[in-house]
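Accompanying notes for the structure given below.
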There are 2 protein chains.
Amino acid sequence: MCYRGGVLELAILGLLKEQDLHGYELKKRLSEMLGFASGVSFGSLYPALARLEAAGAVTAAAPAGASRSVPMTGSLAGELAAFRALRAPVRGRRGKKVYRITPTGESLFGELLGAESSVSEEDRVFALRLAFARYLPPESRLGMLELRRAHLSQRLARARARLSAARDRDSYTQSLVQHDTEAAEHDLSWIDRLIASERATSATATPALTAGASRPEIDSPTISGLHPATPQEEFA
Amino acid sequence: MCYRGGVLELAILGLLKEQDLHGYELKKRLSEMLGFASGVSFGSLYPALARLEAAGAVTAAAPAGASRSVPMTGSLAGELAAFRALRAPVRGRRGKKVYRITPTGESLFGELLGAESSVSEEDRVFALRLAFARYLPPESRLGMLELRRAHLSQRLARARARLSAARDRDSYTQSLVQHDTEAAEHDLSWIDRLIASERATSATATPALTAGASRPEIDSPTISGLHPATPQEEFA
DNA sequence: GTCATCATGTAAGCCGTTACATGATTGC
DNA sequence: GCAATCATGTAACGGCTTACATGATGAC
């Protein structure tokens, strides 16, 4: 217990919830799908997988296609192959090592998804949590969004304070702070839209629940105003 | 030589170029002025200052007000104070330790400002470089901005690829990637504005230089379109 | 005189990167 | 057979955070 996993562990478990994967593929998804700071190195990924395996959160299995049910041909080559397969039963003679999440891993995932995060990794953790938000119950989702809103609100306040303080600085610094402020405003308005659509969904979903709607636990909001009709006209 | 300083060292030297500061004050400026990932801890700041001092990039001096010219009163208390002051000449009996940048530090600053940065810290380094852009010659400024533009362009391309790939994912992930894309577009358009104003300035400044304008080395662009007339109307 | 704040520093430990080392698979 | 890629791991190293320890200063 008390496994102090970080951001990486959360990402791994979340991806493994969807399907079994081996390390190499996991790295690709981490970079491409989640973005995830543009790249996790093997030197941190494999140790993380080893830790998770040691903690019982994942198990390593041979890939699905390679069932290795020894055919008993009697041939020397066959015997040798069988020997090597038995010597390293979990992974085919240092071949792919496919990981699967365990019930322990599922509960660890739940803990990590709800745990506090340090200030420095706040952004990455939030992105990850949002990517896995569909696994959260609606009220936790809303709580997460509102906590994020509070953080961003503070960040915006700080940015505006810096903006005032930068009045007598050079124009590069002023522009920098101005841009930070705008970015913070953009983030905040995005979160507000997320919260609004979340509220709208739960408002319609809760009465529907008593009326016998389908799968209220897993549903995600329809998100009406999430992709605005005019998404990027100023960047044409 | 070959002092492999990181982001922190660059920030420290840049702040010390403006005025002498002690560590505690330095930390405040780092957080408040530069933003700088919302806080550097003492545990990294003081060792960094010690390294810089060891490398001869900064020197520690007693604060300006406390000149400690022993008045020779003959009193026991006076003698004792003088003794303690002499025993630790650099800092008044573990009082403030004010740092000043040396010529070595100036050249180190120049190197760090022009050095390559690893991908993971690209954003922070760029923010820092822009904040100190006034110390760069105009052509280096432009080069820095165009390098940044290239990075952001790549980032935008990746974000758009993720956006396409996220078509069949849940709405939370879609919204996340959508927002990342918009943020990248916003960043890119900002850089484009910076580049444009930089070009405009150098176009007018270069003829002015031959005509004998004042201080061509330190001048910064007037930046006409940098702070748009309608900065945040949609967030009122 | 004591408490909050200012101010400097040390030590342990985490986390992650880079570089290195190895082996399997596939296409030519 | 050989190269490129896929795939997994280890070891060295460094930076940063947290927690701890110390001391000065000023307000009340």
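A, B, ... follow the sequence lines: proteins, then strands. Residue 1 opens every chain.
- Counted by atom type alone, Glu198(A) and Tyr172(B) present one or more donor-acceptor pairs between their side chains at under 3.5 Å.
- Taking both residues in full, the closest heavy atoms of Leu45(A) and Gly23(A) are given as CD2-O, 3.3 Å, listed atom of the first, atom of the second, then distance.
- Of all the heavy atoms in Ala133(B) and Met144(B), the pair that sits closest is CB-CE, 4.3 Å.
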Show each protein N/O and nucleotides 4-6 of chain C N/O combination with a separation under 3.5 Å, one pair to a line.
residue: dC6(C); atom: OP2; partner: Tyr24(B); partner atom: OH; Å: 3.2

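- Remark: C1' of dC6(D) and CG of Leu21(A) are 15 Å apart, rounded to the nearest angstrom.
- Inter-axis angle, ends of the helix from dG1(C)-dC28(D) to dC28(C)-dG1(D), five pairs per end, rounded to 10 degrees: 20°.
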Quick one: do Arg160(B) and Glu185(B) satisfy salt bridge (charged side-chain N to carboxylate O under 4.0 Å, His left out)? Show the steps, please.
-> CA-CA 10 Å; Arg160(B) 282 183 171 149; Glu185(B) 282 163 348; 2.8 Å; yes
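- None of Leu188(A), Asp123(A), Leu194(A) except one satisfies the side-chain contact (heavy atoms from CB on, under 4.5 Å) rule with Arg148(A); the exception is Asp123(A).
- Of the residues Leu112(B), Thr102(B), Leu8(B), Leu113(B), the one that meets the side-chain contact (heavy atoms from CB on, under 4.5 Å) test with Leu13(B) is Leu112(B).
- The side chain of Lys97(A) places an N or O atom within less than 4.0 Å of a non-bridging phosphate oxygen (OP1 or OP2) of dG9(D).
- In terms of heavy-atom proximity, Glu106(A) sits nearest to Ile101(A) at OE2-CG2, 3.7 Å.
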Below 3.5 Å is the cut-off: list the nitrogen or oxygen pairs between protein and nucleotides 17-20 of chain C, distance only.
residue: dT17(C); atom: OP2; partner: Ser41(A); partner atom: OG; Å: 2.7
residue: dT17(C); atom: OP2; partner: Ser44(A); partner atom: OG; Å: 3.0

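- A cation-pi arrangement is not found for Lys17(B) relative to Phe132(B), the charged atom failing to lie both closer than 6.0 Å to the ring centre and inside a 45° cone about the ring normal.
- Counting to the nearest Å, the P atom of dG9(C) and the CG atom of Leu26(B) are 12 Å from each other.
- A salt bridge links Lys97(A) with Glu53(A); the closest basic N to acidic carboxylate O contact falls under 4.0 Å.
- Across all their heavy atoms, Ala127(B) and Leu176(A) have their closest contact at O-CD2, 3.4 Å.
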